[in-house]
A.B. asks: 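Right, I'll just put the structure down here and ask away after.
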Amino acid sequence: MDLELLNTKIAGIERETAEATQKVTSIDALRSLDSAVLGKTGSLGGLIANIKEFPADQRGQVGKLVNEAKGRIKSVLDARMAELQQAAASASDEESKWFDPTLPGNVRPMGSVHPVTAVQWEIERLFERLGFTVEDGPEMESEYNNFEALNIPASHPARDMQDTFWLANGMVLRTHTSPVQHRSMKKFGAPLRVIAPGRCFRYETIDASHENTFHQVEGLMIDRDIGLPHLIAMAKMLLTEVMQREVTVRVRPGYFPFVEPGIEIDMNCAICGGKKCPTCKYSGWVEILPAGMVHPNVLRAGGIDPDEWSGFAFGLGLTRLAMMKYGIGDIRILNSGDLRALVAPQRMGGPIIVDKTTKSRAVSEPRP
Ligand code: PHE
């Protein structure tokens with residue numbers, strides 16, 4: 001390169017930069033233009049790197065030419081910057097003239113859905129994909145729907161399995177979501193696929209894993225030739241999908257008057273990883289999914305012929321599953337408004353272990 005060529009290059013860069021400067025409409029874009037031209041490796045700034053190509057006695061001249069050009073370009077950029085800043089300031093003046101005090105403030109959105117709600121929505125989406133309807137049932141139920149229709153007559157000892165809140169009007173606070181099984185059979189007949197999430201109530205002694213108010217999700221599928229393998233496959237898929245990892249389950253026989261056979265599907269305790277803790281009652285396993293094949297008496301009560309149809313039902317412990325998913329070690333926290341548990345669904349970085357004994361452990365703010 002010689003001085004003449006250098007001069008031509010510099011003139012070209014100045015012209016192009018001046019044009020580009022006028023086209024730029026934002027402060028950020030202007031800053032990028034600045035570094036693209038004047039930066040060390042920029043179109044003008046980079047020319048200095050060629051200084052070695054010139055004979056020693058011309059190098060001073062080269063430096064001078066480049067630096068003078070830099071100065072001129074800088075003042076063009078600065079002038080444009082002043083214009084843009086002026087424009088931005090008057091735009092925000094304009095905005096503030098129109099300030100509307102009734103609009104929500106310009107603050108970072110705060111709050112999140114409750115962990116139980118978050119898991120409930122996940123399960124609803126999953127089952128809707130599988131062709132299930134989401135049904136609702138009342139929290140105040142008739143004794144008939146909560147018990148008799150489910151093959152639990154008044155004298156049956158199984159009534160003692162579920163300590164019941166009786167209301168003065170003779171109704172009960174439903175002890176499980178299973179009454180929605182009966183309601184759905186009446187409403188839709190067979191074949192049938194429903195889930196029914198909701199709140200249930202039991203007169204319980206409260207501890208780390210028992211509350212008087214908790215959530216379940218009832219599941220019911222009635223069709224021809226439905227069997228236990230369908231139930232177990234569905235249960236595994238459900239737990240794996242919610243926990244977002246392969247879940248180890250254990251299947252045991254279980255007794256519920258409204259299923260035959262009845263089973264208990266347990267999952268490995270996610271709080272202690274199976275090492276035994278208060279949440280899993282030191283067993284390493286958590287009862288999460290009581291289930292079974294719908295008892296013929298229950299089908300009959302729902303107006304469905306047990307010789308033609310069969311089905312499975314489950315009563316997922318939704319509250320427990322939310323605790324497992326988010327690593328919440330004490331059920332009492334969920335109804336307490338404790339922020340450590342309430343921000344859980346917003347946190348993406350794995351479970352936070354929260355229990356009543358770690359009172360002072362701060363939880364960092366939810367992610368924006
Ligand atoms: N309703 C039962 C309970 O709350 C759970 C269950 C539902 C069991 C469906 C079997 C089938 O304990």
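Atoms within a ligand are numbered from 1 in the order they appear, just like the ligands themselves. Residue numbers run from 1 in the order of the sequence given.
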A.B. asks: Centres of the Phe147 and His156 rings: under 6.0 Å?
C.D. replies: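 Not close enough - the centres of the two rings lie 6.0 Å or further apart.
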
A.B. asks: Does ligand 1 have any atom that is closer than 4.0 Å to a heavy atom of Gly262?
C.D. replies: no

A.B. asks: Under a 4.0 angstrom heavy-atom cut-off, which atoms of ligand 1 come close to Gln216?
C.D. replies: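 The list of qualifying atoms is 3 (C), 4 (O).
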
A.B. asks: Using distance alone, decide if ligand 1 has a nitrogen or oxygen within less than 3.5 Å of any nitrogen or oxygen in Thr175.
C.D. replies: no

A.B. asks: Atom 7 (C) of ligand 1: which protein heavy atom is closest, and how many Å away?
C.D. replies: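 Nearest protein contact, heavy atoms only, for atom 7 (C) of ligand 1 is Gly315 N, 3.3 Å.
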
A.B. asks: Between Lys236 and Glu246, does at least one N-O distance fall below 4.0 Å, as a salt bridge requires?
C.D. replies: yes

A.B. asks: In plain terms, say whether Glu83 and Arg80 are close enough for a salt bridge, that is, a side-chain N and a carboxylate O under 4.0 Å apart.
C.D. replies: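 A salt bridge links Glu83 with Arg80.
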
A.B. asks: Within a distance under 4.0 Å of any heavy atom of Phe256, pick out the atoms of ligand 1 and give their elements.
C.D. replies: 8 (C), 10 (C), 12 (O)

A.B. asks: Could you tell me which non-hydrogen atom of Ile27 sits nearest to which non-hydrogen atom of Gln85, and how far apart they are?
C.D. replies: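 Shortest heavy-atom contact: CD1-CG, 3.7 Å.
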
A.B. asks: Between Phe258 and His176, is the ring centroid distance below 6.0 Å?
C.D. replies: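 Ring centroids of Phe258 and His176 are less than 6.0 Å from each other.
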
A.B. asks: What part of Arg202, side chain from CB on, backbone N/CA/C/O, both or neither, has a heavy atom under 4.0 Å from ligand 1?
C.D. replies: side chain

A.B. asks: Check ligand 1 against His176 and write out every atom of the ligand that is under 4.0 Å from a heavy-atom position of the residue.
C.D. replies: 1 (N), 2 (C), 4 (O)

A.B. asks: Looking only at heavy atoms, is any part of Phe314 under 4.0 Å from ligand 1, and if so is it the side chain, the backbone, or both, or is it neither?
C.D. replies: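 It is the backbone that touches ligand 1; the side chain stays farther off.
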
A.B. asks: Return yes or no for this condition: an N or O of Gln181 is under 3.5 Å from an N or O of ligand 1.
C.D. replies: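 Among all N and O atoms of Gln181, none is under 3.5 Å from an N or O of ligand 1.
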
A.B. asks: Indicate yes or no: does Glu241 engage Arg129 in a salt bridge with an N to O separation below 4.0 Å.
C.D. replies: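 Salt bridge between Glu241 and Arg129, a charged N being under 4.0 Å from a carboxylate O: yes.
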
A.B. asks: Once you restrict to heavy atoms under 4.0 Å, what part of Pro290 touches ligand 1? Side chain, backbone, both or neither.
C.D. replies: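 Under 4.0 Å from ligand 1, Pro290 contributes backbone and side-chain atoms.
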
A.B. asks: Thinking salt bridges, do Arg193 and Glu135 make one under a 4.0 Å N-O criterion?
C.D. replies: no

A.B. asks: Nearest protein heavy atom to atom 2 (C) of ligand 1, by residue and atom, and its distance?
C.D. replies: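 Of the protein heavy atoms, Phe258 CZ, 3.7 Å lies nearest.
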
A.B. asks: Quick check: does Glu218 get an N/O under 3.5 Å from an N/O on ligand 1?
C.D. replies: no

A.B. asks: Mind checking side chain to side chain contact (heavy atoms under 4.5 Å, CB included) for Leu65 and listing every partner two or more places apart, or none if nothing turns up?
C.D. replies: Leu3, Leu6, Asn7, Ile10, Gln61

